[in-house]
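All remarks here apply to the structure that follows.
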Amino acid sequence: MNRYRYIIKRLLTSIPTFIGITILVYVVASLAPSSPLEILFNDPMATQAEMEEMSKSLGLDQPVIVQYVRWLWQLLQGNLGTSIRTNGDVLSMILGRIGPTLVLTGVAMLLTALIGLPLGIMSAYKPYSRWDYISSAFSFIGSAMPNFFAALVLIYLLCVKVRLFPTSGMYDSSGEKTVLMFIHHLILPAVVLAIQQIGSLIRQCRGSMLEVLQDDYVRTARAKGLTEMPVLIFHALRNAWIPLVTWFGMQIPFLIGGAVVTEQIFGWPGLGSLMVQSINARDYPVIMGITVFIAVAVLIGNLIVDLVYGLLDPRIRYD
Amino acid sequence: MNTQKEIPANSYMKDVCRRFCAHKPAMISLVVLVLEILAVILLPVMLQLDPYTIDYETMFGSAPSAIHILGTDDVGRDIFARFIYGGRVSLSVGILSAIISLAIGVPLGILAGYYRGICETLIMRCADVFMSFPAMVLILVLVSVLGPSVVTVTIVIGVLGWPKFARMIYGNVLSARESDYVESARAVGTRDFGILTKYILPNTFAPVLIAFTFRAAQAIITESSLSFLGMGVQPPQASWGNILYDAQFISILSQRPWLWIPPGVALVVTVLCINFLGDGVRDALDTKMVI
């Protein structure tokens, strides 16, 4: 099977997963006090009579399947409903908050790669050395650290004891919005979000590098007189990539889950803090909208990771 | 060199125990966890701790003193008592929800792996669907819809943890069912039930045990995060996460570190120990590894 047919097949198999996602969200939404269709067409200004009228026109007396299909049809057209709390359109609320979340999770991912990969490679290069012990200790503690506790400790040390960083928001209250100020506000939440991931990446990277470093082509590379740096990066890491890419793919949901907590603590105006606000206000249209949105984003993320394999490792056979 | 000893019948389990005992971090972790569990069970009885009653004689939000060794909270309850009771809740939510995940995931994994066909497609596609939600997001939504409490938090975390177990068991069963020993069992007429319980399940014991420890650690983190956000265990009941909830206020965070540092450190230590324990078990059960 050639690569293009694989891509098409992979795209097609994500359709049932997408439908599964919508069914799951629909079932969850059905547990809420009002039905998913009502949630979708909720109008806070409507009177009781208008509500009854609406519920009849929505076909709430119809079988669940019909209701689900109507709801799904609206979703596909981008109608995620109206917020109970702000009365705004859910889709545009989500789109307005997606930027900060993407920046936060993107920077956290970058930090993870920039710190986790070198530490993991070094650990594997000299296993059981002092470096290895230090980075392994960091990796164990890092992955055991709930990110809200990491946040509290860092805020306590770096915002309260030493006033290095601001505690919340994206910009300060002066009204100015400079890039420098943005970065200054971004550092702490991004570090907090990255800590657990770094811990996990160090172990992953150490493991797959250790395996690769014993292979023949690494010995060959050394034998032909290459210095250690190119051996590690171009010969070893190039082959240790595959499990690492899988790892990055699997971290997407964790990263978003972590962002919910982190954004809430740091008052970062992204999807996560919108989620927590909506949950506190029982604003079901927004809650459901974000849930579908995030699940679809994860689905697409996994799709991309799967397609990237082929580019990284031409040996992969698609069958 | 060539004195080959008689190998006793139970040598495997002995070997595993010996390996486990040789794994220092795991042994230390086991001791710490046992002490922790004993502490949350026995201390409330021994010290007559009371996490709910308000002490009107001490100032609300007081600093540590002889009577309240971690001080009192804003409503005058003893923080040490809440810390210990919180430990009870956090540890039991972790363990119980991991048991729930296991109880759902393992049978489904076996069904999918052993009987294949429509079971396989249905179950594994469902696992894919569940895995495409960030666990935290789906748990938050479900808990908020069902109403937050210890019971709903435990059940929701437990139920949503099933795909990890199912996928792992599925993989194991899939390779075991093609193996020679299963083939020969089938050839002599062993029924499916016999094959499953006698030949396939014992082989999945090790990975399930390891996955169980990591699941419990993850569940403890999830519960504490939920409670920290105010969506988990609700006051007056205490959990390590909801004690930390108060530390969201900068005044408490900066002026009363004795309130939030103990539960936070307890969380990290617990999760760390469970992870080490899992590592120890993995190394001990890995017969190919030589110590």
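Just so we're on the same page: letters track the sequence lines, and every chain starts at 1.
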For chain B, find which of [options] contributes the most heavy-atom pairs closer than 4.5 angstrom.
options: A/T17, A/L299, A/I21; answer: A/I21
options: A/A295, A/A297, A/G258; answer: A/A295
options: A/T13, A/V28, A/I256; answer: A/V28

Give, as side chain, backbone, both or neither, the part of [X] having an atom under 4.5 angstrom from any heavy atom of chain A.
X: B/P148; answer: side chain
X: B/I274; answer: neither
X: B/I250; answer: side chain
X: B/P263; answer: neither
X: B/I261; answer: backbone
X: B/V265; answer: both
X: B/A217; answer: neither

Between atom [atom1] of [X] and atom [atom2] of [Y], what is the distance when rounded to the nearest 0.5 Å?
X: A/I279; Y: B/L140; atom1: CD1; atom2: CG; value: 4.0 Å
X: A/I155; Y: B/Q248; atom1: CD1; atom2: CD; value: 9.0 Å
X: A/L24; Y: B/F133; atom1: CG; atom2: CZ; value: 4.5 Å
X: B/D279; Y: A/F140; atom1: CG; atom2: CZ; value: 4.5 Å
X: B/C126; Y: A/I23; atom1: SG; atom2: CD1; value: 8.5 Å

Go through B/N275, B/L272, B/L253 and name the one with the most non-hydrogen pairs under 4.5 angstrom from chain A.
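Counting heavy-atom pairs under 4.5 Å, the top option is B/L253.
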Is any side-chain heavy atom of [X] less than 4.5 Å from a side-chain heavy atom of [Y]?
X: A/I290; Y: B/V137; answer: no
X: B/V141; Y: A/M275; answer: yes
X: B/L142; Y: A/L31; answer: yes

Side chain, backbone, both or neither of [X] within contact of chain B (heavy atoms, under 4.5 Å):
X: A/Q196; answer: side chain
X: A/L152; answer: both
X: A/N147; answer: neither
X: A/F254; answer: side chain
X: A/V296; answer: neither

Minimal non-hydrogen separation, [X] against [Y], with atom names:
X: B/S144; Y: A/R282; value: O-NH1, 2.5 Å
X: B/V145; Y: A/Y284; value: CG2-CE2, 3.7 Å
X: B/L229; Y: A/V261; value: CD1-CG2, 4.2 Å
X: B/S254; Y: A/V160; value: CB-CG1, 3.2 Å
X: A/S143; Y: B/I221; value: O-CD1, 4.3 Å
X: A/G257; Y: B/P134; value: N-CB, 4.0 Å

Show your working on side-chain contact (heavy atoms from CB on, under 4.5 Å) between A/N280 and B/M231 and close with a plain yes or no.
CA-CA 8 Å; A/N280 285 330; B/M231 294 312 298; 3.7 Å; yes
Take a 6.0 Å sphere around CD of A/Q277 and say whether it holds more than 12 heavy atoms from other residues, nucleotides or ligands.
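Check passes, neighbour count above 12.
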Please tell me whether B/F228 and A/F149 form a close aromatic pair, meaning their ring centres lie under 6.0 Å apart.
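They do not qualify: ring centres at least 6.0 Å apart.
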